[in-house]
Amino acid sequence: MALLPILHYPDPRLHTRAKPVAIVDKGIRKLAADMAETMYAAPGIGLAATQVNVHQRLLVLDISEDKSQLQVFINPEILSQEGACEGEEGCLSVPGIYETVKRSERVKVRALNLDGQPFEVEADGLLAVCLQHEIDHLDGKVFIEYLSRLKLSRIKAKLTKHARITV
Ligand code: K1U
Ligand code: ZN
């Protein structure tokens, strides 16, 4: 397995819309394993392929306390969404920034598993939020883009200043 470098906002590659996975093969299973290792090491509770500069529709997540429940979603599709909720989100591509975002409260998602078999999940709470956040990455959207223009420009300034200091 390998740790993959994570793209950081405002890298324009984060705005790429990922293409569907055509065949769930050995290469995709290796990518999912590498993404899981990268997510656990970060540490994070989710990671989309876009964030590691692979523009295929694949995401991994694990919201369990003991990091024992890895879930892999290939070609995820939101079939339905209901309700509304607000909660604080972070992002491995926007380090150090935590902001409140409005999301659907419940989502029904269909995807393929690592055997290429379709499955459906009805999610609420953190799983629903995390799925929406990761599917947004696959569509080229980063969570801070839901914020006001003023907040977004302040965050951009903070990230640019931080990048200048750490180079
Ligand atoms: O997509 C990502 O960048 C991963 C992101 C997922 C996420 C977090 C919170 C709400 C929605 C989506 C993260 O994992 S940020 C880090 C984080 O939340 C965390 C890190 C360590 C322990 C617990 C949480
Ligand atoms: Zn993110």
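Bear in mind that the values here come from a model prediction, so they are computed numbers and not experimental data. Order of listing sets the numbers, starting from 1, for every ligand and every atom in it.
Taking 4.0 Å as the cut-off, P43 counts as a neighbour of ligand 1 on heavy-atom distance.
With respect to atom 13 (C) of ligand 1, the closest heavy atom belonging to the protein is I45 N, 3.9 Å. Counting protein heavy atoms only, atom 4 (C) of ligand 1 is closest to G46 O, 3.0 Å.
For E65, the CD atom counts as loosely surrounded, since its 6.0 Å shell holds 12 or fewer non-hydrogen atoms of other residues, nucleotides or ligands. Within a 6.0 Å radius of CD1 in I23, other residues, nucleotides and ligands contribute 12 heavy atoms or fewer. More than 12 heavy atoms of other residues, nucleotides or ligands sit less than 6.0 Å from atom NZ of K67.
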Distance-only donor-acceptor pairs under 3.5 Å for side chains of residues 119-131, two or more places apart:
none

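The L92 neighbourhood of ligand 1 comprises atoms 2 (C), 3 (O), 4 (C), with distances under 4.0 Å to a heavy atom of that residue. Those atoms of ligand 1 that come under 4.0 Å of a heavy atom in H137, given as number and element, are 1 (O), 3 (O). Listed by number with element, the atoms of ligand 1 under 4.0 angstrom from any heavy atom of E134 are 1 (O), 2 (C), 4 (C), 6 (C). Applying the 4.0 Å criterion to heavy atoms of Q51 picks out, from ligand 1, the atoms 1 (O), 2 (C), 3 (O).
Counting only heavy atoms from C-beta outward, the side chains of L47 and T38 approach each other to under 4.5 Å. With contacts defined as side-chain heavy-atom distances shorter than 4.5 Å, the pair L4/L31 qualifies.
Of the possible polar contacts, none joining the D136 side chain to the K141 backbone as a donor-acceptor pair under 3.5 Å is found.
Distances from atom 22 (C) of ligand 1 to the protein include no heavy-atom value under 4.0 Å.
Closest non-hydrogen pair, I97 versus I155, comes out as CG2-CD1, 3.8 Å. The shortest non-hydrogen separation linking F73 to A111 is CD2-CB, 3.8 Å. The minimum heavy-atom distance between T50 and L7, with the atom names listed, is O-CD1, 3.6 Å.
When the heavy atoms of K67, H133, E88, M39 are ranked by distance to atom 11 (C) of ligand 1, first place goes to H133. Considering each of S93, G90, G44, the one bringing a non-hydrogen atom nearest atom 5 (C) of ligand 1 is G90.
Protein nitrogen, oxygen and sulfur atoms, that is N, O or S, within less than 2.8 Å of the Zn ion (ligand 2) amount to 3.
With salt bridges taken as basic N to acidic carboxylate O contacts below 4.0 Å, one links D139 and R57.
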